[in-house]
Amino acid sequence: MTRIKIFDTTLRDGEQSPGVNLNQIEKLEIAKQLERLGVDVMEAGFPASSQGDFDAVQKIADTIENVTVTALARAFKSDIDRAWEAIKNAKKPRIHVFIATSPIHMEYKLKKTAEEVTDIAVNMVRYAKEKCDDIEWSAEDASRTELPFLASIIEKVIDAGATVINLPDTVGFTTPKEYGEMFRYIKENVPNIDKVDLSCHCHDDLGMAAANSIAAVQNGATQIEGTINGIGERAGNVALEELAVAFKIREDFYPYTTNLTLKEIKRTSDLISKLTGMVVPGNKAVVGRNAFAHESGIHQDGVLKNAQTYEIITPELVGIQSNNLVLGKHSGKHAFKDKIEQLEFTLTDEQITEAFKSFKLLTDRKKEVTEDDLFVILTDIQTDLSTRKKYELLSFQVQYGSHNLPTATVALNTPEGKRVETARTGQGSVEALYNTIEALIEEKIQLTDFTLNSIGKGTDALAEVHVSMTVEEYQTSMSGRGTAQDVLEAAAHAFINAINRIFLTKNNTKKIDASENI
């Protein structure tokens, strides 16, 4: 079996998904989970894009022990300097340099000739090599690049010191046949290609990212780049969990293996979905809520007789437990702490006390507390920004009736510690609530997205709300999340959470054109 290295770019390419805005604490929690999952390389971010991204990459590089940490850089000395400054203390640092190589990108975006692009690529790889031994070079839009030129520039950047060559399908344009043939051509026409890892990076614009990645591996790629849940710009990247499970289930056909711990897949998926606000579709392969559900009577009968009749992947393989009940109303703090350790959360004594209090409140309202419920409570506390909060929700009340105009009353604590209260109306209860909160804050915002999701089943399930809003003052978008048993309470917390994140944007706002990526 050939081991394929897994390069995870959830924290860089995945975070570029519209509406996603992770803070440093959230990025670090995802990075630690990716390490538990067993990725070989994690792309922690794009340090030159903003101070906030630089700080997050630096914190991840200082924390992660067993995974290569890389940072993205355009083919500029300033970007490379910034990337190296962020990752230089990593146990296994890598600088990732990219430049476009397709005719359309060179002519219209870079406005440079092939010779000029080659010189820049070689010089910047050589410059990066002076700082770091491990250098990945990417040919942006490789799948639309003329093959002779691609082979020529690759040979030169390897001579300049590149240790990994990445050939992205940047716009998700290629087909498995074309993409596989490109890798075969490079293997056959670049004399020094055996000195490097050959990497693929596929976007899913035409729904072929997984097929393209497999075609690349079958034709010589030794590293796959992608994200968890397939998140990313436009239609996203290849979903790494799908490839890892496909290699495992069809090992009779695919002679490839990865270093991923498959039972960590569901937890990783849930964490990233919760923190990004990108809900996993129910029919999503491997991690969707319906991936192991059987509605048809014929299917149900077959599964009861022999699960393999309709179930090719066992839920346990990817970390889904058949018994999800964890603790009850009479569970004590000691049992609660033991469960926290089993779930591999690292909390301070103060955070454990706060989590236990939230758990007890939930048991007063909810008959059965599941592992999913506990995961939400612990994740919220582990990524809490309470020390930085600007506004605090004290109380709210909403009056609603089928023949009455919805009216909300809200009380907040301001940054100055002043209690403010007012009431407003709206066409619906959520609109009334949000109109009231807006009247109490200084910032001018516009709500752009509101998503409601349930954690678990039943009428007593937790409600999880994600919101996105644009902030007039900073000309940027911001997201927030809130969880509660009551939908309106979750909505209020999500709105306040987004507002409080605004004050991190002065350092965290991306200043790089989003089109400048691989």
Side-chain angles (χ1 to χ4, degrees), residues 2 4-7 9 13 16 96 98-110 114 117-118 121 136-158 162 164-194 196-227 230-240 242-244 246-247 250 253-256 258 285 515-518:
T2 302
I4 304 299
K5 296 178 181 177
I6 297 297
F7 178 117
T9 184
D13 208 331
Q16 290 176 191
H96 184 187
F98 76 97
I99 192 170
T101 54
S102 66
I104 191 170
H105 276 242
M106 290 191 293
E107 180 180 355
Y108 293 101
K109 188 179 80 171
L110 299 180
V117 168
T118 299
E136 177 165 341
W137 179 80
S138 287
E140 184 184 8
D141 207 24
S143 58
R144 294 192 294 177
T145 299
E146 296 169 337
L147 291 179
F149 171 60
L150 189 60
S152 172
I153 193 171
I154 288 172
E155 181 180 357
K156 291 179 173 62
V157 296
I158 293 174
V164 182
I165 299 296
N166 179 38
L167 305 179
D169 181 28
T170 302
V171 295
F173 176 76
T174 196
T175 66
K177 182 176 183 295
E178 292 170 328
Y179 201 54
E181 288 174 349
M182 179 181 70
F183 276 83
R184 189 184 315 124
Y185 181 92
I186 295 304
K187 287 286 289 183
E188 294 174 352
N189 291 276
V190 177
N192 53 2
I193 196 66
D194 291 337
V196 300
D197 272 316
L198 193 53
S199 183
C200 60
H201 178 121
C202 296
H203 284 260
D204 206 32
D205 296 72
L206 295 178
M208 293 190 283
N212 286 338
S213 298
I214 291 173
V217 168
Q218 290 175 321
N219 286 276
T222 54
Q223 176 179 279
I224 295 175
E225 303 188 9
T227 61
I231 66 174
E233 288 199 89
R234 304 184 314 278
N237 295 262
V238 67
L240 292 173
E242 293 180 11
L243 294 177
F247 290 156
R250 292 308 311 271
F253 187 81
Y254 295 124
Y256 313 112
T258 71
S515 66
E516 295 268 10
N517 63 77
I518 61 167

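Basis for what follows: all heavy atoms, side chains included, without hydrogens, waters or symmetry-related copies. As the structure is a prediction and not an experimental result, all values here were calculated from the model.
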Under 3.5 Å, side chain of [X] to main-chain N/O of [Y], donor-acceptor pair present?
| X | Y | result |
| --- | --- | --- |
| Asn166 | Trp137 | no |
| Ser152 | Pro148 | no |
| Thr145 | Ser102 | yes |

Check your understanding: Are a donor atom and an acceptor atom from the side chains of Thr174 and Ser143 found within less than 3.5 Å of each other?
Key ->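 Looking only at side-chain atoms, Ser143 and Thr174 do not form any donor-acceptor pair under 3.5 Å.
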
Practice item. Establish, from distance only, whether the side-chain atoms of Glu140 and Thr170 form a donor-acceptor pair under 3.5 Å. Key: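 No, because no side-chain N or O of Glu140 sits under 3.5 Å from a partner of the opposite role on Thr170.
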
**Study point:** Verdict with reasoning, Val171 to Arg144, per side-chain contact (heavy atoms from CB on, under 4.5 Å)
**Key:** CA-CA 9 Å; Val171 295; Arg144 294 192 294 177; 3.9 Å; yes

Practice item. Please work out which of the three classes, parallel, tilted or perpendicular, describes the rings of Tyr179 and Phe183, given edges at 30° and 60°. Key: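 Ring orientation, 0 to 90° scale: perpendicular.
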
Point to revise | Qualifying residues under side chain to side chain contact (heavy atoms under 4.5 Å, CB included), relative to Leu147, sequence neighbours excluded | key: Leu150, Met182, Tyr185

Review point. Should the heavy atoms of other residues, nucleotides or ligands under 6.0 Å from CZ of Phe173 be counted, would the total exceed 12?
Key: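 Result for CZ/Phe173: open.
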
Exercise for review: Begin from the C-alpha positions of His96 and Val164 and carry the test side-chain contact (heavy atoms from CB on, under 4.5 Å) through to its verdict.
Suggested key: CA-CA 9 Å; His96 184 187; Val164 182; over 6 Å; no

Check your understanding: Do you know the tightest heavy-atom contact between Ala244 and Thr258?
Key -> CB-OG1, 4.0 Å

**Study point:** Lys/Arg N to Asp/Glu carboxylate O, Arg234 vs Asp204, below 4.0 Å
**Key:**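 Answer for the salt bridge query: no.
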
Point to revise | Asp13 side chain reached by Glu233 side chain, heavy atoms, under 4.5 Å | key: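 With C-beta onward as the side chain, the pair touches.
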
Point to revise | Candidate pair Ile165 and Ile186, rule side-chain contact (heavy atoms from CB on, under 4.5 Å), full reasoning | key: CA-CA 10 Å; Ile165 299 296; Ile186 295 304; 5.9 Å; no

